[in-house]
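Notes follow once the structure below has been shown.
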Amino acid sequence: MLLENEGAPHFTFKDRFGDSGIRFEETSADPSFADYDNDGFLDIYFTATYKGRKSFLYKGNGDGTFTDVTWLAGVRVDDGWGNAFADYDNDGDLDLVVGGGEGVKLFRNDGNENHWLHVRVVGKESNRSGIGARVIIMPNEILRTQIREVQGGKGSGSQHSLPVEFGLGGYNGPVDVVVRFPSGKIVRVNMVTPNRMIVVDELPAN
């Protein structure tokens, strides 16, 4: 199931799997949302447990549908379990690590010309890693609102990197960043230039 939150006033969910373009695979496991191509739309990667079962990478099309790009991207894995995304080489795009019956595989992303912003949060009143913090890129006349949450773990014992990543597509202008920490503290950083990582500290309460 792919459950879309329909928002206010009732915040009910509707299953969009049937017309999403995602293939049903009985042993699909540990799904990961990440914008691997920095176009501003979340993509999704599934592993599939058991020998002979294949993983899938689906590119988000921005309209709630997805396109299978596994073979073109070169990230097909047989008998995969956990997976996680991180920019391990600090070049601005997300790389992928997959563990499973074939061992551990590290896929380096060769990137493209799209722009990006990475945000690392540091807690003071909240936990130092910022786990549970919500990071928001505020909209302007070009960009949509994008939201990421700092996660402490997922699925089969795997965890994405603590910095959160935003793809900006062809947009190369400044953005406003809002971080809502678990403590309730809100920190806003305005006019942030892209193609870099910024660090946002949770300031102590007055």
Grouping ILVMFWY residues whenever side-chain heavy atoms fall under 4.5 Å, the cluster of Tyr36 otherwise contains Tyr45, Leu57, Val69, Val75, Val77, Phe85, Leu94, Leu96, Val98, Phe107
Donor-acceptor under 3.5 Å ([X] side chain, [Y] main chain):
{"X": "Asp19", "Y": "Gly21", "value": "no"}
{"X": "Asp176", "Y": "Met138", "value": "no"}
{"X": "Ser20", "Y": "Ile22", "value": "yes"}
{"X": "Asn83", "Y": "Asp30", "value": "yes"}
{"X": "Asn61", "Y": "Asp63", "value": "no"}

Provide the closest heavy-atom pair for [X] versus [Y] in the form atom of the first, atom of the second, distance.
{"X": "Asp37", "Y": "Asn114", "value": "O-ND2, 2.9 Å"}
{"X": "Gly92", "Y": "Asp87", "value": "N-OD2, 2.9 Å"}
{"X": "Leu203", "Y": "Lys185", "value": "O-CE, 3.6 Å"}
{"X": "Gln159", "Y": "Ala84", "value": "O-CB, 3.2 Å"}
{"X": "Pro182", "Y": "Asn127", "value": "CG-ND2, 4.4 Å"}
{"X": "Gly82", "Y": "Ser158", "value": "CA-OG, 4.3 Å"}

Could you state the interatomic distance from [atom1] ([X]) to [atom2] ([Y]), rounded to the nearest 0.5 Å?
{"X": "Ile136", "Y": "Glu149", "atom1": "CD1", "atom2": "CD", "result": "10.0 Å"}
{"X": "Arg53", "Y": "Thr47", "atom1": "CZ", "atom2": "OG1", "result": "13.0 Å"}
{"X": "Lys124", "Y": "Glu202", "atom1": "NZ", "atom2": "CD", "result": "8.0 Å"}
{"X": "Met1", "Y": "Lys14", "atom1": "CE", "atom2": "NZ", "result": "12.0 Å"}
{"X": "Asp68", "Y": "Phe66", "atom1": "CG", "atom2": "CZ", "result": "12.0 Å"}
{"X": "Arg120", "Y": "Leu162", "atom1": "CZ", "atom2": "CG", "result": "9.0 Å"}

Ile44 and Phe46: CA distance, side-chain angles, deciding distance, side-chain contact (heavy atoms from CB on, under 4.5 Å) verdict
CA-CA 7 Å; Ile44 188 168; Phe46 294 93; 3.5 Å; yes
Just checking Arg196: does its CZ atom have more than 12 heavy atoms from other residues, nucleotides or ligands closer to it than 6.0 angstrom?
yes
Does atom CZ of Phe17 have more than 12 heavy-atom neighbours, drawn from other residues, nucleotides or ligands, at distances under 6.0 Å?
yes
His115: which residues meet the ring pair (Phe, Tyr, Trp, His ring centres under 6.0 Å) condition with it, sequence neighbours left out?
none
Full working for side-chain contact (heavy atoms from CB on, under 4.5 Å) between Val97 and Val104
CA-CA 7 Å; Val97 63; Val104 177; 3.7 Å; yes
Aromatic rings His118 and Trp116: how do their planes relate, parallel, tilted or perpendicular, breaks at 30° and 60°?
tilted
Report the C-alpha distance between Tyr58 and Arg23 in whole Å, list the side-chain angles of each, state the deciding distance to 0.1 Å, and finish with yes or no for side-chain contact (heavy atoms from CB on, under 4.5 Å).
CA-CA 9 Å; Tyr58 291 94; Arg23 168 184 168 181; 3.1 Å; yes
Checking Val192, Thr193, Asn190 against Val175 for side-chain contact (heavy atoms from CB on, under 4.5 Å), the one that qualifies is Val192
Can you check whether Val200 reaches Ile198 side chain to side chain, under 4.5 Å on heavy atoms?
yes
Can Arg144 and Gln146 be counted as having a side-chain donor-acceptor contact under 3.5 angstrom?
no
Please step through side-chain contact (heavy atoms from CB on, under 4.5 Å) for the pair Phe41 and Lys59, ending with a clear verdict.
CA-CA 8 Å; Phe41 303 118; Lys59 174 179 168 58; over 6 Å; no
